[in-house]
Amino acid sequence: MTTASVPERSAPSRRRPQSGPPLLVPVLSFAALTAGYVIANRATPHPDATGAEVLRYAREHGTAIRAGSWLLLASAIPLALLAAVLYRRLRALGITAPGSAITMAGGLLASVALTLSAMAAWTGGRLPDDASPALARALADLSFLAGGPFYGAGFAMLVAGVSVTGLLAGLLPRPLTWTGLALAAAGMLSTLALLADGFAPLLPVIRFGGLLWLVSAAVLLPRTRHGRA
């Protein structure tokens, strides 16, 4: 009686974890659209402007408001993509701590904030001639709150997730991670602008300083563990 030979099972192939597309693609797209938005809306009335001033600006600069709203909405798309790519990159680097999930959640929240801000700004730019100044001021406030404190809080989560992970796992230079943590703290503190105007200067810090930080992190974050010296 012969024994049937059992074919050997080949050892499962070990594939290298996929780290996703290059980070610079969504980061630079987000940076370019953000810069375009700032240029288009550089004369937007400040949050302390009266409703009549906001309504007058909307009537005289409707084209600029619509262009800025589109740029702001468009910038939310690469930011959401960036959050997903960062999550995939950190997971591919072996990060199973909550930092990778916090990064994606923060990026998605920031993307939603920009979307809401763009929607409110676009609506405010289409007010009819008989609209009340109070309505114009309310829409401007909604756009500011979404694109300011709300965005700052979400972006702070994104930066904190990458910074803490990069610091503990040695994926990023320590000065960059500490700078990111400082920016994350500024982003969270910027939400206090709802209570006191003294915290409002933190909003451009997290918007523009965070943008420069993102570009640096995208360049320096390795694709594999061996990519970090």
Side-chain angles (χ1 to χ4, degrees), residues 23-49 54 64-65 67-83 85-86 102-122 124 139-163 176-219:
L23 288 172
L24 277 179
V25 174
V27 166
L28 294 181
S29 300
F30 175 62
L33 291 168
T34 299
Y37 163 74
V38 172
I39 294 173
N41 281 22
R42 60 188 179 278
T44 300
H46 290 208
D48 57 354
V54 174
I65 292 176
S69 300
W70 179 84
L71 289 167
L72 192 60
L73 177 62
S75 70
I77 298 173
L79 181 58
L81 293 175
L82 174 63
V85 176
L86 278 172
I102 292 173
T103 297
M104 184 165 69
L108 293 179
L109 283 176
S111 177
V112 170
L114 294 181
T115 301
L116 293 176
S117 180
M119 292 170 62
W122 186 83
L139 289 171
D141 286 342
L142 180 59
S143 180
F144 169 76
L145 294 177
F150 183 14
Y151 171 81
F155 195 85
M157 290 175 58
L158 183 152
V159 174
V162 177
S163 297
L176 186 65
T177 57
W178 286 113
T179 302
L181 291 175
L183 286 169
M188 287 301 179
L189 288 174
S190 70
T191 60
L192 294 176
L194 299 176
L195 305 177
D197 294 338
F199 292 95
L202 293 175
L203 295 173
V205 171
I206 188 65
R207 173 65 66 90
F208 302 111
L211 191 58
L212 294 175
W213 187 91
L214 266 185
V215 174
S216 301
V219 172

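Everything numeric in this text was worked out from a predicted model, so none of it was measured.
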Minimum heavy-atom distance between [X] and [Y], given as atom pair plus value:
{"X": "T115", "Y": "A76", "value": "OG1-CB, 3.5 Å"}
{"X": "A83", "Y": "G107", "value": "CB-CA, 3.7 Å"}
{"X": "S190", "Y": "G152", "value": "OG-CA, 4.1 Å"}
{"X": "A40", "Y": "L71", "value": "CB-CD1, 4.2 Å"}
{"X": "A218", "Y": "V27", "value": "CB-CG2, 3.8 Å"}
{"X": "P45", "Y": "A49", "value": "CB-CB, 3.8 Å"}

Worked check of side-chain contact (heavy atoms from CB on, under 4.5 Å) between L214 and L82: CA-CA 10 Å; L214 266 185; L82 174 63; 3.7 Å; yes
Derivation of the side-chain contact (heavy atoms from CB on, under 4.5 Å) call for L195 and L192: CA-CA 5 Å; L195 305 177; L192 294 176; 4.0 Å; yes
Residue pairs involving residues 194-213 (criterion salt bridge (charged side-chain N to carboxylate O under 4.0 Å, His left out); sequence neighbours excluded): none
Spacing of [atom1] belonging to [X] relative to [atom2] belonging to [Y], to within rounding of 0.5 Å:
{"X": "L202", "Y": "M188", "atom1": "CG", "atom2": "CE", "result": "13.0 Å"}
{"X": "S111", "Y": "L158", "atom1": "OG", "atom2": "CG", "result": "10.5 Å"}
{"X": "L203", "Y": "F144", "atom1": "CG", "atom2": "CZ", "result": "5.0 Å"}
{"X": "L116", "Y": "L145", "atom1": "CG", "atom2": "CG", "result": "11.0 Å"}
{"X": "L79", "Y": "S29", "atom1": "CG", "atom2": "OG", "result": "11.5 Å"}

Those residues that, when tested against [X], pass side chain to side chain contact (heavy atoms under 4.5 Å, CB included) (two or more places apart):
{"X": "W213", "result": "V159, V162, S163, L176, T179, L183, A217"}
{"X": "A118", "result": "L72, L73"}
{"X": "L212", "result": "none"}

side-chain hydrogen bond (donor to acceptor under 3.5 Å, both in side chains) partners for S117, two or more places apart: S143
Residue pair M157, T103: steps toward the side-chain contact (heavy atoms from CB on, under 4.5 Å) verdict: CA-CA 6 Å; M157 290 175 58; T103 297; over 6 Å; no
Polar side-chain atom of T34 near backbone of F30 as donor-acceptor pair, under 3.5 Å: yes
Counterpart residues, ring-ring contact (aromatic ring centres under 6.0 Å, His included), relative to Y151 (two or more places apart): F155
